[in-house]
Amino acid sequence: MGTGTATAADPHPSFLADKDAKVFVAGHRGLVGSAILRRLLSLGFTSVVVRTHAELDLTRQADVEAFFAAERPRYVVLAAAKVGGIHANSTFPADFIAANLQIQTNVVDAALRCGSVRKLLFLGSSCIYPKFAPQPITEGALLSGPLEPTNEWYAVAKIAGIKMCQAYRIQHGLDAVSAMPTNLYGPHDNFHPENSHVLPALIRRFHEAKACGAPEVVVWGSGSPLREFLHVDDLADAVIFLMDQYSGLEHVNVGSGSEVTIKELAELVKEVVGFPGKLVWDSSKPDGTPRKLMDSSKIQGMGWKPKINLKEGLAETYKWYVENVISDKN
Ligand code: GFB
């Protein structure tokens, strides 16, 4: 546990008391990494290190080792990953398992070998849990049953990441912790029509339908699956909180605690975007797991709570989409 200041018993300052230390945020251009970067800068961290994919390919072990040896960061937040929605996960299983295993293995191992890293946080996903895990899903449900087939390749890689952090803690004493966020959304998301997650996909589809006066919008599946959504700025807060406060072996769930059906979500996006037409359901598309509500009582018990409700977060994300993605295309 971080105490804020260094003492004789704990010679290191806590993360939040060490704002001039080098912090490497891997994946700073993605949804999660960009939110963590914004939060670190707003908190006054002065030495955040980032690399674009073109500057450093995290799937290449030698390049990752050379980067860590040269930069010698004190803290690492591992938010770099190959991610996507239900369609991308089932279409590119090899890419999802290979890239994620490579990135996390290279980064965790290089963090140990360079000798400078005091703490590392690895980000996973709620899809690590069994398809039919009891709800809400506690951390203890890991590896207690079969996974959801549409994203098992990604899930297996993320489970390996948790286990790698645990193994490096046990064998080498590396302070590596893992956070498992629920379904995330917010600025800098991927708004690709097929490969994105449901929330950005629907923002784009409703916006384009409204812009061209289309009478209806197609939504995938039955509409009955339940999903829990968390704004990425809330996740960024949780990541900073865990970097400062948590040094346990077990991973930590990070969720909002409230869930909606996909039908309710679609109605909400329709309202926020202001699309006047109707919804049509494409039942040839998969539903995925029926429900995945996380039990976030562990992190809430430590003192973290989400702040952004879905409607507000959705409205703000739509505004960001219009100002950044649409205006970039014009
Ligand atoms: O967000 P999503 O792709 O991911 O889909 P998962 C959630 C639900 O929304 C599914 C439905 O029931 C989809 O069928 N859906 C409706 C849509 N319309 C659309 C659409 O236009 N696009 C998309 N993408 N979905 C992901 C995993 O599962 O969850 C990842 O694939 C990751 O690995 C992520 O773990 C958090 O929630 O089903």
Side-chain angles (χ1 to χ4, degrees), residues 30-32 79 81-93 95-97 99-101 123-133 135 137 142 147-162 178-186 189-209 216-232 235 251 253-256 259-270 273 275 279-294 310 314 317 321:
L31 171 69
V32 171
K82 173 142 189 80
V83 298
I86 194 163
H87 175 74
N89 268 270
S90 20
T91 313
F92 310 111
D95 294 357
F96 276 81
I97 194 164
N100 286 305
L101 284 173
L123 279 141
S125 159
S126 58
C127 69
I128 58 158
Y129 292 115
K131 175 167 183 153
F132 297 113
Q135 309 280 323
I137 312 172
L142 183 65
L147 297 165
E148 154 60 33
T150 52
N151 57 33
E152 66 181 322
W153 321 99
Y154 176 74
V156 164
K158 289 294 183 182
I159 293 169
I162 296 173
S178 300
M180 295 304 117
T182 192
N183 286 41
L184 300 167
Y185 71 97
D189 208 340
N190 167 16
F191 291 84
H192 189 277
E194 279 91 38
N195 295 333
S196 62
H197 290 101
V198 60
L199 196 147
L202 292 185
I203 286 184
R204 177 176 177 158
R205 210 169 297 142
F206 280 107
H207 178 84
E208 290 180 351
E216 57 189 40
V217 158
V218 175
V219 189
W220 299 354
S222 66
S224 64
L226 283 153
R227 292 291 183 274
E228 177 191 22
F229 291 95
L230 180 74
H231 192 283
V232 74
L235 173 70
H251 60 284
N253 287 347
V254 187
S256 63
E259 54 182 349
V260 289
T261 63
I262 295 303
K263 182 165 187 310
E264 287 164 342
L265 177 75
E267 296 288 355
L268 198 57
V269 178
K270 174 174 142 75
V273 172
F275 170 70
L279 307 184
V280 176
W281 296 90
D282 177 358
S283 58
S284 71
K285 294 285 197 300
D287 270 345
T289 195
R291 190 180 180 200
K292 48 174 171 179
L293 176 65
M294 307 262 256
L310 180 58
L314 186 52
T317 304
Y321 171 77

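Whatever order the structure lists ligands and atoms in, that order sets their numbers, starting from 1.
In this pair, Tyr321 and His207 present their aromatic rings perpendicular. The plane angle is above 60°, beyond the 30 to 60° band.
Looking only at side-chain heavy atoms (C-beta outward), Leu123 and Val254 stay at 4.5 Å or farther from each other. Looking at heavy atoms from C-beta onward, Leu142 lies in side-chain contact with Tyr129 at the 4.5 angstrom threshold.
Results of the side-chain contact (heavy atoms from CB on, under 4.5 Å) test with Glu228 over Ser126, Ser256, Pro181 single out Ser256 as the only residue that passes.
The shortest heavy-atom distance from Ala155 to ligand 1 is not under 4.0 Å. By the 4.0 Å heavy-atom criterion, Asn183 is counted among the residues contacting ligand 1. Look at Glu148 and you'll find every heavy atom at least 4.0 Å from all atoms of ligand 1. Within the structure, ligand 1 lacks Lys285 among the residues with a heavy atom less than 4.0 angstrom away. Taking 4.0 Å as the cut-off, Lys292 counts as a neighbour of ligand 1 on heavy-atom distance.
Here the straight-line distance linking atom CG of Leu310 with atom CD of Glu259 works out to 12.0 Å at 0.5 Å rounding.
Taking only nitrogen or oxygen atoms, main chain and side chain alike, Ile86 reaches within less than 3.5 Å of ligand 1. Checked by distance only, ligand 1 and Trp220 come closer than 3.5 Å through their nitrogen or oxygen atoms.
Summary of contacts: the protein heavy atom closest to atom 35 (O) of ligand 1 is Ser125 OG, 2.8 Å. Looking from atom 1 (O) of ligand 1 to the surrounding protein, the closest heavy atom is Val198 N, 2.8 Å.
Of the possible polar contacts, none joining the Asp189 side chain to the Leu31 backbone as a donor-acceptor pair under 3.5 Å is found. Not one N or O on the side chain of Glu152 forms a donor-acceptor pair closer than 3.5 Å with the backbone of Thr150.
Counting non-hydrogen atoms of neighbouring residues, nucleotides and ligands closer than 6.0 angstrom, the CH2 atom of Trp153 reaches no more than 12 such neighbours.
Each of the following atoms of ligand 1 lies closer than 4.0 Å to a heavy atom of Ala201: 20 (C), 21 (O), 22 (N). Atoms of ligand 1 lying under 4.0 Å from at least one heavy atom of Pro286, given by number and element, are 13 (C), 14 (O).
Distances from atom 8 (C) of ligand 1 to the heavy atoms of Ile203, Val269, Ile262, Thr289 show the closest one on Ile262.
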